[in-house]
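To start, the structure under review is shown below, and the notes come after it.
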Amino acid sequence: MQRRAALFLLACIPFFTACAIIPISHPSQASVSKLPSSPVTLKRAQFLMGTLVELTAVAPSDAIAQASLTAGFQEIRRLENMLSTWIETSELSRVNQAAGLEPVGVSAETFELLRRALEAAEYTEGGFNIAIGPAVQLWNIPEAPRIPSAMELEIAAQYVDYRRIHLDQTRRTVFLEKPGMRIDIGGIGKGFAAEKAAAVMREIGATGGLVAVAGDFRVFGRRADGTAWPIGIQHPRKPGKILAMLDAIDEAISTSGDYERYFMKDGVRYHHILDPETLQPARLCRSVTIIAPDATTADALATGVFVMGPVRGMALVERLGLGAVIVDAQGMVIVSARLRDRVKLAP
Ligand code: AMP
Ligand code: MG
């Protein structure tokens with residue numbers, strides 16, 4: 001998983017946080033609200049997967065809400081250990097280390113994630129591409145950002161073909177064909193983790209909840225008062241300001257933006273979502289929000305549609321029957337057909 005800087009902007013902001021990033025003073029700090037005979041709502045935040053993870057649970061009792069939050073965080077931590085390329089012993093690190101050498105056996109979950117990632121690559125005509133790792137390392141945004149030379153990018157281009165990632169379903173192995181290839185799941189891993197955490201919270205007994213892993217959200221059930229979860233989509237050029245809002249029930253919302261991790265040089269914005277064709281930052285959008293039934297799809301498509309741009313990207317969203325709010329390179333806001341009645345644009 002790509003490590004994020006401690007300072008970041010949430011791409012989507014849950015509305016009940018009064019449209020602002022919540023200051024968290026301690027990871028274990030919890031806020032409790034309970035009316036007589038009404039469900040309990042508990043909320044906690046922790047720094048995981050290199051970003052702030054916020055969980056909200058609605059449950060019949062305080063104990064169930066607490067247990068479901070604890071289990072949700074545990075699940076995300078477990079997945080981080082399995083998938084993070086920042087952890088040398090993770091399954092994905094072992095896959096990367098064995099590039100060009102041999103297939104590596106992985107867990108059913110890692111295999112599922114990679115299968116979904118390659119499926120998304122096909123949908124997005126290569127816009128979403130987890131083989132982008134060598135190029136992401138060259139740009140190194142935001143840790144030590146710099147503009148790579150044309151020569152460096154030309155060399156990296158030889159290692160970013162996702163068709164050279166081989167999944168063997170029977171043996172449950174992954175093989176990167178060429179030495180130097182490197183999988184980067186930064187564009188899908190947080191959504192995958194949000195999906196799994198929501199499932200675990202529900203299993204423990206939460207009737208409703210919200211999992212927010214930076215800009216990747218998964219909501220299930222309803223809030224304690226029976227209403228849907230109001231979600232704010234951040235304005236890509238006005239930090240902390242809301243661009244649009246929508247109410248969500250049992251679905252996922254992911255935003256990819258050029259304002260999340262970037263640096264400016266000579267008036268040009270260089271950000272972290274790369275066009276696999278050029279290995280330069282993708283230039284057709286400022287932000288893309290995808291609404292889908294599950295968070296893995298939403299996360300992968302937000303990144304992939306960002307690369308495809310508003311025309312091809314929106315056509316894909318409509319074809320898949322999903323929802324999208326796209327801010328194009330000129331700042332124009334485009335809302336997909338299914339969302340037109342649901343999304344309220346801020347004045
Ligand atoms: P997201 O914030 O979900 O859009 O993910 C962005 C992250 O995904 C980047 O920081 C990279 O780690 C990785 N990434 C960059 N470009 C791509 C791409 N074209 N396809 C897939 N992942 C990418
Ligand atoms: Mg993504």
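Computed from heavy atoms alone, side chains included, the values below leave out hydrogens, waters and symmetry copies. Whatever order the structure lists them in is the order used to number ligands and atoms, beginning at 1.
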Keeping the roles fixed (side chain from [X], backbone from [Y]), state whether a donor-acceptor pair exists under 3.5 Å.
X    : Y    : value
T207 : V58  : yes
D299 : G191 : yes
R342 : D247 : yes

Look only at interatomic distance and state if [X] has a nitrogen or oxygen under 3.5 Å from any nitrogen or oxygen of ligand 1.
X    : value
D216 : no
H272 : yes
V307 : no
I188 : no

Inset, instruction - Step by step, work out the side-chain hydrogen bond (donor to acceptor under 3.5 Å, both in side chains) result for Q46 and R77. - result: CA-CA 10 Å; Q46 282 186 18; R77 197 171 303 111; 2.8 Å; yes

Inset, instruction - Answer with yes or no whether the hydrophobic clustering places V211 together with L69; edges join I, L, V, M, F, W, Y residues whose side-chain heavy atoms lie under 4.5 Å apart. - result: yes

Inset, instruction - State which residues pass salt bridge (Lys or Arg N to Asp or Glu O under 4.0 Å) with E109; sequence neighbours excluded, sorted by chain then number. - result: R78

Hey, is [X] close enough to [Y] for a salt bridge, meaning N to O under 4.0 Å?
X    : Y    : answer
R202 : D250 : yes
E195 : R218 : yes
E112 : R172 : no
E80  : K190 : no
R312 : E125 : yes

Give the atom numbers and elements of ligand 1 that come within less than 4.0 Å of a heavy atom of [X].
X    : value
D184 : 11 (C), 12 (O), 13 (C)
N129 : 18 (C), 20 (N), 21 (C), 22 (N)
R261 : 10 (O)
D299 : 3 (O)
S256 : 1 (P), 3 (O), 4 (O)
F128 : 20 (N), 21 (C)
G187 : 3 (O), 5 (O), 7 (C), 8 (O), 13 (C)
G186 : 3 (O), 5 (O), 7 (C), 8 (O), 12 (O)

Inset, instruction - Validate the cation-pi geometry between R283 and Y270: distance from NZ or CZ to the six-membered ring centre under 6.0 Å, angle to the ring axis within 45°. - result: yes

Inset, instruction - Give a yes/no on ligand 1: does G127 have at least one heavy atom closer than 4.0 angstrom to it? - result: yes

Legend entry - Pick from L274, I141, V305: the one approaching atom 19 (N) of ligand 1 most closely through a non-hydrogen atom: L274

Inset, instruction - Mind listing the protein N/O/S atoms less than 2.8 Å away from the Mg ion (ligand 2)? Waters don't count. - result: G187 O, D299 O, D299 OD1, T303 OG1

Legend entry - Student check: side-chain heavy atoms of P134 and V160 closer than 4.5 Å: yes

Inset, instruction - Pick one of side chain, backbone, both or neither for how P276 approaches ligand 1, counting any non-hydrogen atom pair under 4.0 Å. - result: side chain

